[in-house]
Amino acid sequence: MLGPGLGALHADARPTLIVGIETRGLVLGPITALHLGVGFVEIRKDRRIVGEYRGPAADPLLRAATPPEYQDGGLTLVVPGRLFRPGDRVLLVDEWIETGAQASAVRRMVTEAGAEWIGAAVVVDACAPHVRARLDVRGLLTEDDLPA
Ligand SMILES: O=P(O)(O)OC[C@H]1O[C@H](OP(=O)(O)OP(=O)(O)O)[C@H](O)[C@@H]1O
């Protein structure tokens with residue numbers, strides 16, 4: 001029931017596109033998108049792309065870096081820019097959010113492409129209140145709901 005549960009968190013904003021970050025977002029995102037009947041876009045981590053692929057000139061990649069201190073040196077998220085269009089109402093789905101660094105990077109790419117950021121729907125919301133408010137994070141659980 002994770003798809004319906006995650007899909008209900010921002011139903012009021014009527015998302016038209018789900019994005020998910022590898023790794024677990026590539027599982028939870030599609031089941032949420034299927035439930036809502038909307039499309040899905042996968043966000044990859046640059047360090048996990050094999051080789052030097054950077055995309056053809058006609059299909060450039062959007063890139064957004066997390067802060068350098070994030071996860072031992074930061075990481076860069078990438079997505080083909082053509083997958084976002086102006087008018088898309090984009091919802092990020094993930095299993096966990098804490099600092100909001102990866103979600104912030106995704107939001108920059110979404111808005112750079114002219115699409116609209118709706119927020120983040122997560123299984124566990126472990127972020128600080130200011131992060132929750134800034135990114136419009138909604139969760140099925142908080143850390144307090146988890147066994148110690
Ligand atoms: O709010 P943040 O501090 O940005 O953390 C949240 C991110 O961290 C986890 O990914 P992780 O990098 O652990 O992905 P993995 O499953 O590929 O190891 C999680 O899936 C989120 O994408």
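Just so it is clear, the structure is predicted and the values come from calculations on it, not from any experiment. Whatever order the structure lists them in is the order used to number ligands and atoms, beginning at 1.
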Colleague: Cluster partners of Leu141, using ILVMFWY side-chain heavy atoms under 4.5 angstrom, listed by chain and number?
Modeller: Leu2, Leu6, Leu9, Ile18, Leu26, Leu28, Ile31, Leu36, Val38, Phe40, Leu91, Val93, Trp96, Ile118, Val123, Val124, Leu140, Leu146
Colleague: Could you list which atoms of ligand 1 come closer than 4.0 Å to a heavy atom of Arg24?
Modeller: 15 (P), 16 (O)
Colleague: Report, in ascending order of atom number, the atoms of ligand 1 lying under 4.0 Å from any heavy atom of Lys45.
Modeller: 10 (O), 11 (P), 12 (O), 14 (O), 15 (P), 17 (O)
Colleague: Report the member of Glu98, Glu22, Glu95 with the shortest heavy-atom distance to atom 19 (C) of ligand 1.
Modeller: Glu95
Colleague: Below a 4.0 angstrom heavy-atom separation, can you tell me which part of Thr99, side chain or backbone, both or neither, approaches ligand 1?
Modeller: both
Colleague: Using every non-hydrogen atom in the two residues, find where Arg89 and Arg14 come nearest and quote the distance to one decimal.
Modeller: NE-O, 3.1 Å
Colleague: Any idea which heavy atoms bring Ala65 and Ala105 closest together, and the distance?
Modeller: O-CB, 4.4 Å
Colleague: What pair of heavy atoms forms the shortest contact from Gly39 to Ala33, and how long is it?
Modeller: O-CB, 3.7 Å
Colleague: List the atom of Ala103, the atom of Leu135, and the distance in Å for their closest heavy-atom pair.
Modeller: CB-CD1, 3.8 Å
Colleague: Run the numbers for me: atoms of ligand 1, each under 4.0 Å from some heavy atom of Ile97, listed by number.
Modeller: 1 (O)
Colleague: Enumerate the atoms of ligand 1 whose separation from the nearest heavy atom of Gln71 is less than 4.0 angstrom.
Modeller: 12 (O)
Colleague: Could you tell me if any non-hydrogen atom of Gly100 lies under 4.0 Å from any atom of ligand 1?
Modeller: yes
Colleague: Closest approach of Gly25 and Pro30, non-hydrogen atoms and distance?
Modeller: O-CD, 3.7 Å
Colleague: Relative to the heavy atoms of Asp94, which atoms of ligand 1 are at a distance of less than 4.0 Å?
Modeller: 19 (C), 20 (O), 21 (C), 22 (O)
Colleague: Could you pull out all residues at least two apart from Glu42 that satisfy salt bridge (Lys or Arg N to Asp or Glu O under 4.0 Å)?
Modeller: Arg44
Colleague: Give yes if a backbone or side-chain nitrogen or oxygen of Trp96 is under 3.5 Å from a nitrogen or oxygen of ligand 1, and no if not.
Modeller: no
